[in-house]
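Reviewing the structure listed below.
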Amino acid sequence: KEPLRMRIGIHYGNVTAGVIGTKKLRYDIFGTDALMGNAIESNGVIGSVCISEAVLPLMAKLSDHYTLVPHQLVRLEEQGEFIGETMSYEVKGAQVFALQCILLRPA
């Protein structure tokens, strides 16, 4: 079997969340920060974790356990209109490597 190949994107911000539908209920999140999280993941590196600038302060206490490598500037546009942008960073380190081994190992 082929190993699971995935990207993980993490962003921090405000969202609106709720249940939508009447026959088939779904829980979803909405808002600019939800879209930015999606963009961080979509523009990320396969087999890696990428974070936005908004996540940097939250990770400061763990800085001995990882290294951040600048990845790319992620621009968010909706219907051609600029909404926002953030720098994304690839997280590298022992804990990330352990997570990758678990997620990417062949079944």
Side-chain angles (χ1 to χ4, degrees):
K1 290 185 180 181
E2 198 170 311
L4 178 63
R5 296 168 40 113
M6 65 185 311
R7 300 178 300 249
I8 298 174
I10 302 173
H11 180 66
Y12 176 78
N14 298 311
V15 297
T16 300
V19 177
I20 56 175
T22 55
K23 293 184 181 186
K24 183 178 180 182
L25 302 177
R26 286 187 356 195
Y27 182 81
D28 207 349
I29 59 174
F30 307 92
T32 302
D33 287 314
L35 293 173
M36 186 61 78
N38 185 6
I40 295 292
E41 178 272 325
S42 296
N43 291 286
V45 179
I46 293 175
S48 292
V49 176
C50 288
I51 63 169
S52 68
E53 289 175 301
V55 179
L56 294 178
L58 303 172
M59 295 183 65
K61 291 181 181 178
L62 303 172
S63 62
D64 293 345
H65 302 287
Y66 65 86
T67 303
L68 295 175
V69 178
H71 177 57
Q72 70 181 53
L73 184 66
V74 176
R75 291 180 49 88
L76 188 59
E77 294 181 11
E78 190 170 48
Q79 297 177 351
E81 185 177 326
F82 174 78
I83 296 175
E85 66 184 16
T86 186
M87 186 65 190
S88 66
Y89 298 86
E90 185 179 358
V91 182
K92 295 187 178 264
Q95 279 69 17
V96 174
F97 178 72
L99 177 62
Q100 289 172 336
C101 288
I102 293 168
L103 293 175
L104 303 177
R105 72 176 176 219

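Only heavy atoms go into these numbers, but all of them, side chains included; no hydrogens, no water, no symmetry mates. Because the structure is a prediction, the values reported are computed rather than measured.
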For residues 70-82, tabulate all N or O donor-acceptor pairs below 3.5 Å that involve a side-chain atom, not counting sequence neighbours.
| from | atom 1 | to | atom 2 | distance (Å) |
| --- | --- | --- | --- | --- |
| His71 | NE2 | Asn43 | O | 2.8 |
| Gln72 | NE2 | Asn43 | OD1 | 3.4 |
| Arg75 | NH1 | Glu85 | OE1 | 3.2 |
| Arg75 | NH2 | Glu77 | OE2 | 3.4 |

Identify all side-chain donor-acceptor contacts of residues 25-38 below 3.5 Å with residues at least two apart in sequence or on another chain.
| from | atom 1 | to | atom 2 | distance (Å) |
| --- | --- | --- | --- | --- |
| Asp33 | OD1 | His11 | NE2 | 2.9 |
| Asp33 | OD2 | Asn14 | N | 2.8 |
| Asn38 | OD1 | Ser42 | OG | 3.3 |

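Taken together through direct or relayed side-chain contacts under 4.5 Å among Ile, Leu, Val, Met, Phe, Trp and Tyr, Met87 and Ile83 form parts of separate hydrophobic clusters. Cluster membership check: Leu68 shares its hydrophobic cluster with Ile8, using side-chain heavy-atom separations under 4.5 Å among Ile, Leu, Val, Met, Phe, Trp and Tyr.
Annotation: salt bridge (Lys or Arg N to Asp or Glu O under 4.0 Å) contacts involving residues 34-58, sequence neighbours excluded, comprise Arg7-Glu41.
Between Cys50 and Gly44, the shortest heavy-atom distance links the atoms SG-CA, 3.8 Å. Considering every non-hydrogen atom in both Leu56 and Tyr89, the closest pair reads CD1-CE1, 3.9 Å.
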Can you check side-chain contact (heavy atoms from CB on, under 4.5 Å) on Leu58 and Ile51, steps first, answer last? CA-CA 11 Å; Leu58 303 172; Ile51 63 169; over 6 Å; no
Criterion side-chain contact (heavy atoms from CB on, under 4.5 Å) on Ile10 and Ile40, from CA distance to verdict: CA-CA 7 Å; Ile10 302 173; Ile40 295 292; over 6 Å; no
